[in-house]
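Keep in mind that what you see is a predicted model, and the values were worked out from it rather than measured.
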Amino acid sequence: MTGLDWGALGVNALVTLGVLLAVFTGTWLLALRLGRHSVVDVVWGLGFVVVSLVGLVIARAGDHGDLGRQLLALGLTAAWGVRLAVHIGRRNGSREDPRYEEIAARATGSPAAHLYRRVYLPQTVVLFVVSLPLQVAAYQEDPATSGWPLVAALLGVVVWSVGFTFETVGDWQLERFKADPANQGEVNDQGLWKYTRHPNYFGDAAVMWGLWLLTAGHWSGLVFVLCPVLMTLNLVKGSGAAMTDKRMTSSRRGFAEYVERTSGFVPLPPKKR
């Protein structure tokens, strides 16, 4: 097994970091012009597409990596990232996210500069770190056509598909639930939301694990297992499920009972009361 050219990967990482910094800085400038910083949420999924595309272009220019793996990684990433961006864009509309209003209100100097330091720069770093498996996928030389590399790639597609399905269907079910005025202030416990309180966050995590598995056929991919681990921890304990549960406790009737019978993350049969 020829593995991967770590020097070329390092150059790609530096270029990718620079591109991401430019993307999020540009998004910050656009947000200032629009007067709302919720636009950065739309860019999150598209940022992964940018990472995969940059890796493909630079790797092909230097004759690095396996084209099949590169195209597979880009295709899966684009399908997930574009759908997520469209969904968040439709959901947010022209309104500002209260989270960013709260961050701006805590600024001791310029609110714009404070938001750049507290939102845009951290998102740049987090996206860069979490997307490292995508960069590795662009530079692994051995095609996943047999043995464990093939098994890992197929498993990655399966896990990605589970995550994409949960995220897409869960978002659609929640949209339909919220569209009914009779459900205002109520808890959605139907469909996938019956088995997990956060099918969208679970789906997000599964997508990241699936993309990492594309690289797990070689030890160079196993090195970066920490990336989907960190993403999952953030979705469970950080800005994902934990924060949403805290907000829902005070805004949805019957949420405490919903918590008692419904898994917090991994889909499981609901507990009988």
Side-chain angles (χ1 to χ4, degrees), residues 1-24 43-86 124 126-165 167-168 203-231:
M1 299 180 73
T2 56
L4 120 174
D5 186 330
W6 289 93
L9 178 62
V11 172
N12 183 89
L14 290 175
V15 174
T16 298
L17 183 57
V19 170
L20 287 177
L21 186 60
V23 167
F24 278 97
V43 176
W44 174 256
L46 297 178
F48 286 88
V49 183
V50 169
V51 170
S52 188
L53 187 58
V54 168
L56 172 65
V57 171
I58 297 179
R60 296 320 303 167
D63 196 26
H64 294 290
D66 172 63
L67 181 60
R69 183 184 286 104
Q70 292 165 347
L71 293 177
L72 178 60
L74 177 59
L76 296 180
T77 305
W80 169 78
V82 171
R83 188 216 71 88
L84 182 61
V86 171
T124 300
V126 170
L127 199 156
F128 172 76
V129 172
V130 173
S131 70
L132 282 170
L134 286 175
Q135 299 178 52
V136 173
Y139 284 84
Q140 286 184 331
E141 301 288 350
D142 305 287
T145 54
S146 62
W148 169 241
L150 176 61
V151 173
L154 292 176
L155 185 58
V157 173
V158 170
V159 173
W160 179 93
S161 299
V162 170
F164 186 77
T165 300
E167 193 168 2
T168 303
D204 228 358
V207 163
M208 293 300 148
W209 280 100
L211 294 175
W212 169 76
L213 279 167
L214 298 182
T215 71
H218 187 266
W219 70 266
S220 58
L222 297 176
V223 169
F224 294 93
V225 68
L226 188 60
C227 298
V229 169
L230 290 174
M231 185 65 175

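In terms of heavy-atom proximity, S146 sits nearest to P149 at O-CD, 3.3 Å. A216 approaches A152 most closely through the heavy-atom pair C-CB, 4.1 Å. Listed here is the closest heavy atom pair of L127 and W44: CD1-O, 3.5 Å. Residues L67 and R60 approach most closely at N-NH1, 3.9 Å, considering heavy atoms.
Two residues are said to be in side-chain contact when any heavy atoms from C-beta on lie closer than 4.5 Å; T77 and V49 meet this criterion. Counting heavy atoms from C-beta outward, L76 and L214 have side chains that approach closer than 4.5 Å. Side-chain contact check for F48 versus V130: some heavy-atom pair is nearer than 4.5 Å. Using a 4.5 Å heavy-atom cutoff, the side chains of V129 and F224 are not in contact. In this structure the side chain of V54 reaches within 4.5 angstrom of the side chain of V50, judged on heavy atoms. The side-chain heavy atoms of D66 and P143, taken from C-beta on, include a pair separated by under 4.5 Å. Between V159 and F164, every side-chain heavy-atom pair lies at or beyond the 4.5 Å cut-off. Considering only heavy atoms from C-beta on, L72 comes within 4.5 Å of V157 through its side chain.
How far CG of L9 is from NE2 of H64: 10.0 Å, rounded to the nearest 0.5 Å. The CG atom of L56 sits 6.0 Å away from the CG atom of L74 when rounded to the nearest 0.5 Å. One finds the CG atom of L226 at 10.0 Å from the CG atom of L132 (value rounded to the nearest 0.5 Å). In this structure, CG in D142 is found 8.5 Å from OG in S220, a value given to the nearest 0.5 Å. With rounding to the nearest 0.5 angstrom, the CE atom of M208 is 12.5 Å from the CG atom of L230. We find the CH2-OG1 distance between W160 and T165 to be 7.5 Å, quoted to the nearest 0.5 Å.
Listed by chain and number, the residues in a ring pair (Phe, Tyr, Trp, His ring centres under 6.0 Å) with W6 are W219 (sequence neighbours excluded).
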TODO: Please step through side chain to side chain contact (heavy atoms under 4.5 Å, CB included) for the pair W212 and V229, ending with a clear verdict.
DONE: CA-CA 10 Å; W212 169 76; V229 169; over 6 Å; no
Open item on the list: Pair W209, M231 - check side chain to side chain contact (heavy atoms under 4.5 Å, CB included), show working.
Closed with: CA-CA 9 Å; W209 280 100; M231 185 65 175; over 6 Å; no
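Not one N or O on the side chain of E141 forms a donor-acceptor pair closer than 3.5 Å with the backbone of L4.
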